[in-house]
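Written out below as C-alpha cells is the structure these notes cover.
This structure is a prediction, so every number in the text was calculated from the model and none was measured.
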Amino acid sequence: MRPSRTKRARELGVGIVGLGFMGRTHLASYRAAARAGFPNRVVALCDKELARVGGKAFQRGNGALGNGVRGNMEKGGASPLAGLQRVAIHSAATELFADESIELVSLCTPTDTHVPLALQALAAGKHVLLEKPVALRAQDVARLAAAAKKARRLCMPAMCMRFWPGWAWLKEQIDAQAFGRVHSAVFRRLASPPAWSRGFYGNVAKSGGALFDLHVHDADFVRHCFGPPASVASTGSLDHVTTLYRFPSGPEHVVAEGGWNHTPGFPFFMGFTVVFERATAEFALVPRAGGRGPLLTLARDGKQSAVALPAGTGYDGEIRHVLALLAQREEPRATIDEAVGLVRMLAAEKRSLASGRPVMLAER
C-alpha cells in the first residue's frame with residue numbers, strides 16, 4: 001500500500017505503550033511506514049522494564065528485555081530499538097498520554113488492560129490503535145466504542161489479517177467474485193504455547209486462551225469476508241478450538257481451527273484453503289513437507305500456479321492504514337464497532353464449546 005499523491009500528510013506524533021513482542025513489532029512497522037512515505041515519528045515509549053534500564057536498552061537491543069521476546073526486526077537484523085536514544089521513555093501510561101506532541105497511541109499491553117488504557121488515551125484526546133483482542137467481554141468493547149464516538153477520536157482494533165498479503169488478496173477475490181461464489185473456506189492457525197509472558201497467556205481468565213488470542217484472527221477474517229454468521233458450532237477446548245460457521249445465504253462450509261497446545265518446537269502455521277466455483281486458493285505460511293513452495297497458490301483450468309504477493313506483513317499494512325486514515329486518505333477497513341460483534345461471536349463459540357451444541361447469533 002502506497003500513500004496517495006493527491007494529499008500530502010504531515011508527520012504524526014506516535015506513542016507506544018508496551019514494548020514486548022507486539023510493541024516492538026508496532027515500533028518497527030511505524031519506522032518502516034515513515035520510510036515508505038507515511039510520515040510519522042515515534043515520540044515516546046512506555047514500558048516499566050525499559051524505563052528501569054533506561055538508555056542502556058537501546059545499546060543492548062533485544063537483550064535488554066530478554067531474548068525470549070521476538071521483535072519485528074529491521075533490515076539487516078538490527079533491533080527495532082536501535083537509533084531511538086532521543087525518544088522519551090515512561091514507566092506510566094498517563095505520562096505518555098499527557099504528551100501533547102503525541103496524536104496516535106499504539107496499545108500493545110495485556111488484554112485485561114486494553115479498555116482502561118484506551119479510555120484514558122481517548123480522554124486525553126489521542127487516537128488509538130488497539131491490539132487484539134480488544135477485550136474478553138462484548139459490553140466492555142461497546143463501552144469503548146461509545147467513548148471513541150463521544151471523544152470524536154479513532155479507536156481501531158489491530159486486526160492484522162485484514163491487511164496480510166495473500167489474505168487481503170483473498171478478500172478482494174471474494175468481493176469481486178473473480179472465480180465465482182465460495183463453496184468452502186477453511187482457515188487454520190496452529191502453534192506451540194507462547195514462550196513469552198507465560199504468566200499472562202497461561203491464565204485463561206486474563207488471555208481468554210487460544211480462542212480469544214489466536215483463533216480471534218480467523219474468526220474476524222470469517223466475518224470480514226462473509227459477514228456475521230447465523231450460528232456457530234465449536235468443538236475442542238479454549239486452547240484448541242474448531243468452529244463451523246453457518247450462514248443463511250453464504251458458503252455452505254466455513255471452518256476455522258486455532259490452537260496453541262502443540263508440542264514445543266512445532267513451527268507456527270497459518271493458512272487457508274478456499275474453494276470457489278472455478279478455482280481453489282491455498283495459503284500456507286509454513287512450507288509443506290518436501291520443499292519450499294510458494295505461500296499462495298491458485299488451482300484453475302487444470303493447472304496450479306503461484307500468486308505473487310507484495311512485500312511486508314499485516315502489521316505493516318495496519319500501521320500504514322491507520323496513518324492513512326488519520327490523513328483522510330483511506331476509508332476504514334477495521335472498526336471498533338466490528339470488534340463488538342466479533343467478541344460477542346467468540347463468547348458464543350465459548351458457550352458452544354461448553355455445551356457441545358450450536359449457538360445462534362442474533363446480530364444479523
Please name all residues satisfying side chain to side chain donor-acceptor pair (under 3.5 Å) with Asp112, sequence neighbours left out, ordered by chain then number.
none
Is the closest side-chain heavy-atom distance between [X] and [Y] below 4.5 Å?
{"X": "Met161", "Y": "Met270", "result": "yes"}
{"X": "His253", "Y": "His183", "result": "no"}
{"X": "Phe200", "Y": "Thr111", "result": "yes"}

Is it the case that Thr335 and Asp337 place a side-chain donor and acceptor less than 3.5 Å from each other?
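Judged by distance alone, the side chains do not pair up.
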Phe187: which of Val255, Thr273, Asp218 passes side-chain contact (heavy atoms from CB on, under 4.5 Å)
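Exactly one option meets the side-chain contact (heavy atoms from CB on, under 4.5 Å) with Phe187, and it is Asp218.
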Salt bridge (Lys or Arg N to Asp or Glu O under 4.0 Å), that's the test. Do Arg333 and Glu338 meet it? Break it down for me.
CA-CA 10 Å; Arg333 291 169 58 188; Glu338 290 176 294; over 6 Å; no
Is it true that, when you exclude Lys206 itself, more than 12 heavy atoms of the residues, nucleotides or ligands shown sit nearer than 6.0 Å to its NZ?
no
Would you say CD of Glu277 has more than 12 non-hydrogen atoms from neighbouring residues, nucleotides or ligands within 6.0 angstrom?
yes
Residues that, via side-chain heavy atoms closer than 4.5 angstrom, fall in one hydrophobic cluster with Val275:
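In the cluster with Val275 there is nothing else; it is isolated.
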I'd like to know if the side chain of Arg153 reaches the main chain of Ala148, judged simply by a donor and an acceptor atom lying under 3.5 Å from each other, with no hydrogens or angles considered.
no
Indicate the ring-plane relationship of Trp167 and Phe221, choosing parallel, tilted or perpendicular according to the 30° and 60° boundaries.
perpendicular
Quick test of your reading of the model: are Arg10 and Glu103 salt-bridged, counting only N-O distances below 4.0 Å?
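So Arg10 pairs with Glu103 through a salt bridge.
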Residues two or more places apart in sequence or in another chain: which of them pass salt bridge (Lys or Arg N to Asp or Glu O under 4.0 Å) with Arg143?
Asp140
Taking the six-membered ring for Trp, are Trp164 and Phe283 ring centroids under 6.0 Å apart?
no
